[in-house]
Amino acid sequence: MAETSDIYEKVMDVARRRGFVWPSSEIYGSVAGFIDYGPLGAMLKRNIENLWRSFYVFQEGYYEIECPTIGTEAIFVASGHVKEFADKMVQCPHCGEYLRADHIAQEHGIENAGTLSSEALRATLRDLPCPSCNEPLGEADVFAFNLMFQTTIGPGSQRKGYLRPETAQGIFTDFPRLLRFYRDKLPFGAVQIGKSYRNEISPRQGMIRLREFSQAEAEIFVHPEEKNHPSFHRYADYTVPLLTMERQAENVEPVTMTMRAAVDMGLIANEYVAYYIALTHEILTYIGVDPAKLRFRQHLTEERAHYAADCWDAEVYSERFGWVEIVGIADRTDYDLRSHAEHSGTSMTIFIPYGEPRVVKKRRIVPDMGVIGPRFRDKAKAIVEALAVSEPGEDGVRITIDGEEIFISADLYQVREEEVEIRGEEVMPHVIEPSYGIDRMLYVALEHSYAEDEVDGETRRLLRLPPAVAPIQVAVFPLMNRDGLDTIARKITDTLLQHRILAQYDDSGAIGRRYRRQDEIGTPFAVTVDHDTLENNTVTIRDRDSMEQVRVPIERLPGTLSALIAGNVTFHELSKV
RNA sequence: GCAUCGAUGGUCUAGUGGUAUGACUUUGGCCUUCCAAGCCAACAGCCCGGGUUCAAUUCCCGGUCGAUGCACCA
């Protein structure tokens, strides 16, 4: 443990010292669960988010929306967060333990303890012993603890609001608008990157459990009976380590297989879920997660939300925290849309036309209102409704209205056989939801890219961040601060910046020290101007990981570096030319 | 939240009832023809609040943050 926690200490030490992650509002005393991203951390985070966008927005074509972080109570009543996110708790006056009030009552044989009010629970608990210290709970107060931050909207505390505990609800509440935007066709998706808030009781795992955190969520709306992804071929042969329910029960290692096989064998519920498992694997390895420390774990039936058809977590192994959930990929069925439709009264369905209109034979019972109206007066309406669903006999039909049996003779209605053309049906889409914790992605990228080398008997600390996410992309050094080398190096820096390559000039101290500084913050490439530059206009590009150098003409720097950063060419390939 | 332990420049640390040691880093200069070299100089610190005391970074109480265990983690 001492050795494993070391890595966390070392990573966080670099993160603090070099401006990746700082305790928030440190000068007034920082608060657990809140962090600041310093200049390099903010840059790294933005790069990770943009990489995520390149997959979900550019590759998948799911456009990004942005909703408020504060929502009215109604939204979270419908989403279930007001009810499900709040626990009735009690603090034992003797030992100070926080306990679930309803759980204690339930254990002592109280039926439906979960539905009792706080007052009723308090009365019930008075004579019950604390499960922790066995002293009676007495007059201990029962209070609801909801993990959502509450606020009020406008003056006078009139309207209750909550800080969103996930970004997803904004996409659900915009569903009717999104449906029009995507011109009434399934499947379509929308994504959102933003802050979410959960008032964690005890956030004690550094960047892993924050009270304010960033999520990147995609909500993909699909036809309930068509869960084959149109581009499934992209990942059909992609292999991913899967820790299925069965393998968890048998306590065996994950099995690595193709997505095609996993779907065919029924291990993954459908192509959509499989597709995003593979895509997630690709994103995570892209940002620097070690594939050997990445697995996809299926939720067990009892931990899965009752409405979810299937749910997988991308878990990354951290030396410090063990297997950490980084991404959740769930088939949420139509739970969210159904709930918002019921609570808001707004239709959340899409009309799907059939290929061919279907002709259906229907029997319609048409009442003779001229007779039924005057004869039955105030019962007439109820009779007509009952008649419509009745099964008439030859001479009439018996129906029951308010317990009274009434015989309606056959001359009071006509039975017509009609052919009705049905052109399609209203369908409530199912939702596939990949949900990413950006802060956790950033942490594991740091932890997995942290490395220590031995160079000439000295330890070299470095972050092996992939060039695409590294906060600083290129460092530019004059070998020595004279003979005009510095002037050339500054000019190169400006040129690179103009090409949107984030370059940093440094002429302070010995060259070796400058390389080390950049190694520690993960800068993948360093350009050095030396005396040969004065002769032939070439400079060296030095590779962070191998510490090797190649010479290239100055005018080819922007193109070469861009290709290296984009991953179109590797340094190894470059050095062979 | 409870219990135990801890908190000294950016980092690691010495030490103390009378304002603090050293190293590394950083900054400026000298030197230096590619991986934390050397020399000179400079910047910078006792977590916050209250108490005891002539005097508190030091002792006491409370808080904050961190580590560990328990609880919590839709």
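Each chain gets a letter, A, B and so on, in the order its sequence line appears, and its residues count up from 1.
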*Asks:* When the C1' atoms of B/C59 and B/C46 are considered, how many whole Å apart are they?
*Replies:*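 Comparing C1' positions in B/C59 and B/C46 gives a spacing of 15 Å.
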*Asks:* Please report the distance, rounded to the nearest Å, between CE in A/Met12 and P in B/A67.
*Replies:*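 It is 10 Å, rounded to the nearest whole Å.
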*Asks:* What I want to check is whether the side chains of A/Thr167 and A/Gln192 have a donor and an acceptor closer together than 3.5 Å.
*Replies:*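 Judged by distance alone, the side chains do not pair up.
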*Asks:* Suppose you measure atom P in B/A55 against the same atom in B/G18; what distance do you get, rounded to whole Å?
*Replies:*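 Roughly 14 Å separates the two P atoms.
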*Asks:* Report yes or no: is there a donor-acceptor pair, N or O only, under 3.5 Å between the side chain of A/Arg542 and the base of B/C35?
*Replies:*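 For A/Arg542, whose side chain was compared with the base of B/C35, there is a donor-acceptor pair (under 3.5 Å).
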*Asks:* Counting side-chain heavy atoms from C-beta on, which of B/C65, B/G10, B/C73 comes nearest to A/Glu200?
*Replies:*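 Of all the options, the side chain of A/Glu200 is nearest to B/C73.
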*Asks:* If you measure only the distance, is there a donor-acceptor pair under 3.5 Å linking the side chains of A/Lys45 and A/Ser214?
*Replies:*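 A pair is found: one side chain offers a donor N or O, the other an acceptor, under 3.5 Å apart.
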*Asks:* Could you check how far CG of A/Asp456 sits from C1' of B/A36, rounded to whole Å?
*Replies:*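 Rounded to whole Å, this separation is 11 Å.
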*Asks:* From B/C65, B/U33, B/A37, pick the nucleotide closest to the side chain of A/Val31?
*Replies:*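 Closest of the options to the side chain of A/Val31: B/C65.
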*Asks:* Choosing from B/C34, B/C35, B/C73, which nucleotide comes nearest the side chain of A/Asp530?
*Replies:*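 In terms of side-chain proximity for A/Asp530, the closest of B/C34, B/C35, B/C73 is B/C34.
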*Asks:* Distance between the P atoms of B/C70 and B/U52, in whole angstroms?
*Replies:*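 Rounded to whole Å, the distance is 41 Å.
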*Asks:* Examine A/Phe213 together with A/Tyr197 and report whether their ring centres are nearer than 6.0 Å.
*Replies:*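 No, the ring of A/Phe213 stays outside the 6.0 Å limit from the ring of A/Tyr197, centre to centre.
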*Asks:* Do the side-chain N or O atoms of A/Arg18 get closer than 4.0 angstrom to the phosphate oxygens (OP1, OP2) of B/U25?
*Replies:*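 Result: no.
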*Asks:* Looking for any heavy atom pair under 4.0 Å, which part of the strands does A/Arg209 touch: base, sugar-phosphate only, or nothing?
*Replies:*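 Base, at least one base atom sits under 4.0 Å.
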*Asks:* If pairing requires Watson-Crick or G-U wobble contacts with both distances under 3.5 Å, which nucleotide is the partner of B/C5?
*Replies:*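 WC or wobble partner is B/G66.
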*Asks:* Under the side chain to side chain contact (heavy atoms under 4.5 Å, CB included) criterion, do A/Ile541 and A/Phe571 qualify, and how do the steps go?
*Replies:* CA-CA 9 Å; A/Ile541 300 177; A/Phe571 186 83; 4.1 Å; yes
*Asks:* Counting only side-chain heavy atoms from C-beta out, which of B/C73, B/C35, B/A36 sits nearest to A/Met547?
*Replies:*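 Selected nucleotide (nearest to the side chain): B/C35.
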*Asks:* Using atom P of each nucleotide, how far apart are B/U27 and B/G10 to the nearest Å?
*Replies:*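 Looking at atom P only, B/U27 and B/G10 are 16 Å apart.
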*Asks:* Of the candidate nucleotides B/C34, B/U11, B/A36, which contains the atom at the shortest distance from the side chain of A/Tyr515?
*Replies:*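 Of all the options, the side chain of A/Tyr515 is nearest to B/C34.
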*Asks:* State whether A/Arg482 places a side-chain N or O below 4.0 Å from either non-bridging phosphate oxygen (OP1 or OP2) of B/U33.
*Replies:*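 So the side chain of A/Arg482 is within the cut-off, an N or O lying under 4.0 Å from OP1 or OP2 of B/U33.
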*Asks:* When you measure only distances, ignoring hydrogens and angles, does the side chain of A/Gln549 come within 3.5 Å of the base of B/C34 through a donor and an acceptor?
*Replies:*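 When only heavy-atom distances are counted, A/Gln549 does reach the base of B/C34 through a donor-acceptor pair under 3.5 Å.
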*Asks:* Suppose you measure atom C1' in B/U8 against the same atom in B/A56; what distance do you get, rounded to whole Å?
*Replies:*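 Pairwise C1' distance, B/U8 against B/A56, rounds to 14 Å.
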*Asks:* If I pick the P atom on B/C31 and the same atom on B/C40, what distance separates them, to the nearest angstrom?
*Replies:*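 That atom pair is separated by 16 Å.
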*Asks:* With a 3.5 angstrom cut-off on both distances, give the Watson-Crick or G-U wobble partner of B/U16, or none if there isn't one.
*Replies:*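 Pair assignment: B/U16 / none.
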*Asks:* Say we look at B/U58 and B/C24: how far apart would their P atoms be, to the nearest angstrom?
*Replies:*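 Roughly 30 Å separates the two P atoms.
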*Asks:* Between A/Thr570 and A/His572, is there a side-chain donor-acceptor contact under 3.5 Å, judged purely by atom types and distance?
*Replies:*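 A/Thr570 and A/His572 do not have a side-chain donor-acceptor pair below 3.5 Å.
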*Asks:* Using atom P in both nucleotides, what's the gap between B/G50 and B/A36 to the nearest angstrom?
*Replies:*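 About 49 Å, rounded to a whole number of Å.
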*Asks:* Name the closest nucleotide to the A/Thr540 side chain, picking from B/C34, B/U32, B/A36.
*Replies:*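 It is B/C34.
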*Asks:* On the nucleotide B/A36, are OP1 or OP2 found under 4.0 Å from the side-chain N or O atoms that A/Thr459 carries?
*Replies:*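 Looking at the OP1 and OP2 atoms of B/A36, neither is under 4.0 Å from any side-chain N or O of A/Thr459.
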*Asks:* Once you apply the 3.5 Å cut-off to both distances, tell me the Watson-Crick or G-U wobble partner of B/A56, or none.
*Replies:*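 Here B/A56 is not engaged in any pair, so there is no nucleotide opposite it.
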*Asks:* Classify the nucleic acid contact of A/Ser30 as base, sugar-phosphate or nothing, counting any heavy atom under 4.0 Å across all strands shown.
*Replies:*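 It contacts sugar-phosphate atoms only.
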*Asks:* Under 3.5 Å for both donor-acceptor distances, Watson-Crick or wobble: does B/G38 have a partner, and if so which one?
*Replies:*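 Its partner is B/C30.
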*Asks:* Does any nucleotide pair with B/A23 by Watson-Crick or G-U wobble geometry, both distances under 3.5 Å, and what is it?
*Replies:*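 The answer is B/U11, by the H-bond criterion.
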*Asks:* With the side chain of A/Arg513 defined as its heavy atoms from C-beta on, choose the nearest nucleotide among B/U33, B/A36, B/U11.
*Replies:*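 Nearest nucleotide to the side chain: B/A36.
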*Asks:* Does OP1 or OP2 of B/C34 have a side-chain N or O of A/Arg516 closer than 4.0 Å?
*Replies:*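 False: A/Arg516 side-chain N/O out of range (4.0 Å or more) of B/C34 OP1/OP2.
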